[in-house]
Structures are given as C-alpha cells and as structure tokens.
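Below: one structure, written as structure tokens.
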Amino acid sequence: MKQEKTDVKKQKRRVIIGNAWPYANNLMHVGHLCALLPGDIIARYYRLSGDEVMLVSGSDCHGTPITERARKEKVSPREIAETYHKTFVRDLGAVNFSYDKYGATFDDYHKAEIQKIFLKMYDAGEFFKKTDTQDFCESCNMFLSDREIRGTCPHCGSISKGDQCDNCLTSMDASQLKEKTCGICGGKTQQRQNKSLMFKLSGYQKDIECLLDKNRDHWRVNAVNETQKYLSQGLLDRAVTRDLNWGIDVPVEEFKDKKIYVWIEAVLGYYTMSKFLLDQRGIKVEDYYKASDDLRMYLAHGKDNIPFHTVIYPALLLAVDKNCQLPTHIVSCEYIKVGAEKMSKSLGNLLTVYELTEKFDPDTIRFYAILSNPEKKDSGFTTTEMINTHNKLLVGGLGNFVNRNLSYLVKKFEGKVSGGAVDKDIIEKTRSLYKSAGEIIEAGNTREALEHIVEYIQLANKYYDDNKPWVKVHEDAAAFGDITRTCIYMMANMSNLFHPFIPAAMDRLKAMLKLGAAKWEEVDCDITQLENINILFNRIEEEK
RNA sequence: CGCGGGGUAGAGCAGCGGUAGCUUGUCGGGCUCAUAACCCGGAGGUCGUGUGGUUCAAAUCCCACCCCCGCAACCA
C-alpha cells in the first residue's frame, strides 16, 4: 500500500512566501539581505520540488521618516521613495532574488486594493472613532506626531524630541514635554481635538492565541516569545489613520484628509501582491486564501518586525475574511553585528548590498549570507570572512571537486566518459540528504540546511581521495569507470542541492554536464562526452 | 527591580546532565587528479566569576555577582 502511494504523482502544495518590505528612505544593507534571503531560498526550494509558489514583496514607501527626509533634502516624498525603490529593485536583482511580484506601496494597484480592504473593514465595523487632544502646528497647518515635536525634557531639561530624548535617552510620551514647539517650523504648538479611526485589535486576542498555539513549532523561537509577550499584556486597539500628507488616502468621507497608517497598508502588501498574481491567473484571492492545510504561508523578516507579522497582520487578515489562511511559518532572523556592535547608519558601519554586488558575484554573497545567517542569534558579517568562505568552500571544495575530475578526463581522455556504476553507499547518502535538507528548509532553517549540504562536498572530496582514481586508471579500468561515474553523479546532485542557494553557479555546472533544469530529487548524469569545461568559481585574492 | 540575547582553544562558533567539539589560524605528514587546491595527524581550553546549591555525575539545571551586546530612537 505504501509503495503505491509514493508512485502516485505527488500533489502540488501551495506556498505563499512574504518577504518583508524594505523601507524606502535608505540603501539596502546586509541586514536586509540576511533577513530576506531565506525567503528566496525557501521559494526556490519549493519550486524545485514542483510546488506552486508565490514569492511576493515590495518597497514600503509611505510614512513619516520619508516625509522628514524629503523635507530635509527639499524634494517631494515621492522622489525619495522612488529613488530608493529603484535601488532596491536593482540590489535584489543583483543578488538573484526570484520574486514573482515585487511592487511598491505607491503602486496604484496596491493603493486601490488597500482602500477596498479598508472600506470593507470599515463597513464590517472593525473600526471605531476616537477623539483626543493632539499637538497641532498652526503655521504648518497639521497635527504633529511625537517625533515631530520638540520640547524640554522632564528628566534632564535639554531640548528633546517627543518620543525620546537624545540627551538622556529616556523614552517618553510627548505629553510629558514642557514648552512644546513644532519640529518642522519651530513655531508654538497648541492642543486641539483630533479624531482618528481605531482598529479593534483587542477583539482578536483569542484568535492570535490560537494561531500561536497551532503554529508554535513552525515559528522561530524569537517570534513565539515576542508574540507571547504581546498576548500576555493583552492586545491594544491601534490607530489606523495618520495626519500626514504622504500615503494612501483614507477612503471614508469623514477622514478623507488623513492617510492610512503605514504598517497597516504595508503589511497587507503580501495580500495585495499575491492578489495581483492571482488576478493574472483568473483566480479569486478570497478562494485561494481560504484556510486550508495545503496552503503554507511563510513570512521572512527581522526580529524587530515580529509583532506586525504575528499579531497585526493575522488580525487584519481575519478582519478581511474570518475564514482566511494565516501565517504558518515565521522566519524572523536576529541581527547582523559588525564587530561587537550592531550595524547602523548612525554608527557609520553600514555594509550596503550595493557595495557588495559591485565587487562580488551574487553566489559568493548568497552563500556567505546564508552560512553566517543570524538564524538563532546575532552573527557577524565581514567581507574578509566572505572571501575566506568563498575560497575555502566554493573554490577549494565544490569547484575543486568538479575541476579535479573533469579537467583530468579532458586531459587524459579528450573528455570521453566511459560507463560504470555509481557507488551504492553514495546513492543512499545522496537520497537521504535530499530528504533531510528538504525538511530543514521547509522548517525555515536555511542556514542549518546549507551547513548540512556543505558536508556533501567533503564527502565527495574524501571519496575521491580514498579511491585514488589517478592510480586506479593505470591498474583497473573498470574501477576507474565506477569512480568517475560516482563523482559525476555527485556533481549532478550538487547542481540540484545547491541550486536554491547559488543558482547561477549551479546552472553553469548543469550546462557543463548537459543536465536539464534543477529539481529537488536524485538525478543521474549519463554524459559521455565533456565539452566546454570551465572553472566554476575563481579564487578571490584578498585586496583592499 | 523595564524587556531580551550572550560570555567555551588566537579568532568565529556548536554542545545545554554522563570521558570538552567544529570551522579558521598555527605546526607536521600524505597525495600529486586539482584554482598555494584535496586527505590525515599534533599542539592549543581549570567552558565569565563564586573553596555557592541540586546530583553518583554539571559547560549543561538552580542561586548570587561581574562583564558585553541588542530593543524600548531611523534601521532586518
């Protein structure tokens, strides 16, 4: 019975992978890269497995920080957002991200969909009105957010922003400040009544508790802990409108001068972008997103994004449709450190994706970014170590294994490969590697999976050394044939196993071996004549 | 008592109740098919501190203390 079952064509699984939306007010750095790359690996893995995948993301283009930057640079917020959106598209392409859809929150499609969703929630009574006093600047003619207010810090007496004092580092509420002024024009502020729409997040306490309970095994530990913290404090209702002039208009007459809060609309971008793809296929998003065991939903981001993905996003999805599928796998990574410190713009140690791609191959970057990924705790990222990893594992390990075999065959036999049998033990190890590594990737642990697959390189080189084909060739032609076949078999499987991680190089290897498209399953290679054999990776000489 | 992560060979890390392990570096050997590549072995640690607690047994659990880092500020 069991045998029969495996013979039946496997049913396609449906997988939606949402990668966090980088915020368009600065260049993308290796922190983003490490947070997002696992999503790409997972997507590529499922595609190789024959499953139906949607990898979606985009640029987060609205919000206060962008308007602040625009004001400083005396350009429009849109110019800022467009500039950085373009750099993101470029950077992501340069490291071979395989997005099915990468948009931006200022796309007309996204904006229209968000307004529809917003209205639907409004009509369904998910929001309520709230009025309270807020700081208003008359000359700017707008309400100010905490970070736009200046005033005297109640703790140290210096001039502070409304959210936290730069001098004594105390965080606060703007209401604690004395003698408040507008951070934009410097004028006095006044208190005025302001109304906003609030989302009844508190009503979803039970649902989120259930969600966490159901999926805690597929969520990273940091996501489980962080979510638990929010739940134990009790979920609070959140404002969904903001007083800004840059963003998506609130589609409700009474609030039409306000914008939708960025986190609400940006996080729903996963939904709008996958709807975009489904539209093309003539599938209704409501049908596709119906809760179902065969629909997996991964979300990849950094740890500071956790509550937005594990609490707010699921609650919004439920508000859209009570029967909606919710995130099943949370892939939330820790931080990249530079030396002992965190990487940040203000410390001036930002390592941008742009400068990396200027100097290095995408595969070199991807390989190292995954191998040193802050999967379970903070980890470091240095170009020196990246070069070291490249030379050691890609050049000396994988590349060398391919080259020592193929170049020998080319030199001694003009590239002719005779028949032979593949080693039984190697076959078994190969099969079990597909299985175990696949399971680890499905669990979202791409670093652990790659570490596992890297061991296959050592297995291969050791096999070669132990069997000494350069000696056997003179003594036992049949044995030499077997060894050669086994090595080529291992190369062929490397070109599959490593494909999600370093796709460009593995496609080059496939071309050399005249293999078809990558698949996540054991493959043999019956090549008889080698042609166009090239070195797979070039050694990087350390220079600065 | 704000919350969280961490302190293990020169460096970077794994182990998280049972003879201290991996990678890199270093030293030596092997091989000569290979891009100073590959394979094997040696040296190197009283596992932050405590003549602390639990245990037959502690890097591993508990307690106290010290130190680093992150979050609560734009930022994954």
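Each chain gets a letter, A, B and so on, in the order the sequences are listed, and its residues count up from 1.
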Donor-acceptor contact below 3.5 Å, side chain A/Asn467 vs main chain A/Pro469: no

Starting from [atom2] on [N], measure out to [atom1] on [X] and report it in whole angstrom.
X: A/Leu393; N: B/C22; atom1: CG; atom2: P; value: 16 Å
X: A/Ile306; N: B/G70; atom1: CD1; atom2: P; value: 18 Å
X: A/Asn225; N: B/G4; atom1: CG; atom2: P; value: 9 Å
X: A/Asn222; N: B/C3; atom1: CG; atom2: P; value: 18 Å
X: A/Phe401; N: B/C39; atom1: CZ; atom2: C1'; value: 14 Å
X: A/Trp263; N: B/C74; atom1: CH2; atom2: P; value: 12 Å
X: A/Glu334; N: B/C13; atom1: CD; atom2: P; value: 13 Å
X: A/Glu455; N: B/G21; atom1: CD; atom2: C1'; value: 14 Å

Ranges pairing with ranges for RNA chain B, where each run has three or more Watson-Crick or G-U pairs under 3.5 Å: B:2-7 with B:66-71, B:10-13 with B:21-24, B:26-30 with B:38-42, B:48-50 with B:63-65

Please assess A/Ser98 against A/Asp40 for the test side-chain hydrogen bond (donor to acceptor under 3.5 Å, both in side chains), listing each intermediate value before the final yes or no. CA-CA 6 Å; A/Ser98 61; A/Asp40 187 62; 2.6 Å; yes

Please report the distance separating the [atom1] of [N] from the corresponding atom of [M], rounded so that it comes out in whole Å.
N: B/C27; M: B/A43; atom1: P; value: 16 Å
N: B/A72; M: B/C66; atom1: C1'; value: 24 Å
N: B/A73; M: B/C22; atom1: P; value: 45 Å
N: B/U51; M: B/A14; atom1: C1'; value: 31 Å
N: B/C65; M: B/C75; atom1: C1'; value: 34 Å
N: B/G44; M: B/U26; atom1: C1'; value: 9 Å
N: B/A9; M: B/G48; atom1: P; value: 8 Å
N: B/U8; M: B/C16; atom1: C1'; value: 12 Å

Intermediate values then yes/no, side-chain hydrogen bond (donor to acceptor under 3.5 Å, both in side chains), A/Tyr102 and A/Ser59: CA-CA 8 Å; A/Tyr102 186 86; A/Ser59 301; 2.8 Å; yes

Go through the side-chain N and O atoms of A/His110 and A/Thr272 and say whether any donor and acceptor fall under 3.5 Å apart.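 Per modelled atom types, A/His110 and A/Thr272 side chains form a pair under 3.5 Å.
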
So, A/Arg216 and A/Thr227: side-chain donor and acceptor under 3.5 Å apart, yes or no?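 Side-chain D/A pair, A/Arg216 to A/Thr227: absent.
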
For each nucleotide in nucleotides 24-37 of chain B, reading 5' to 3', give B when a protein heavy atom comes within less than 4.0 Å of its base, S when such contact involves only the sugar-phosphate, and - otherwise. S------SSBBB-S

Heavy-atom nearest nucleotide on RNA chain B for A/Ala35 versus A/Lys462: which residue maps closer to 5'? A/Lys462

Does A/Arg69 come within less than 4.0 Å of A/Glu73, counting only side-chain N to carboxylate O? yes

A/Lys359/A/Glu355 ion pair, N-O < 4.0 Å: no

Once you apply a heavy-atom cut-off of 4.0 Å, does A/Glu226 come out as touching a base, just sugar-phosphate, or nothing?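 Touches nothing.
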
Sugar-phosphate only, base, or nothing, as touched by A/Gln458 at under 4.0 Å among non-hydrogen atoms: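 Since only primed, P, OP1 and OP2 atoms lie under 4.0 Å of A/Gln458, the category is sugar-phosphate.
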
Would you say A/Asn245 has more than 12 foreign heavy atoms packed within less than 6.0 Å of its CG? no

Could you check A/Tyr270 against A/His309 for side-chain hydrogen bond (donor to acceptor under 3.5 Å, both in side chains), going step by step and ending with a plain yes or no? CA-CA 11 Å; A/Tyr270 303 125; A/His309 289 83; 2.6 Å; yes

Derivation and outcome, side-chain hydrogen bond (donor to acceptor under 3.5 Å, both in side chains), residues A/Glu439 and A/Ser436: CA-CA 5 Å; A/Glu439 281 165 7; A/Ser436 59; over 6 Å; no

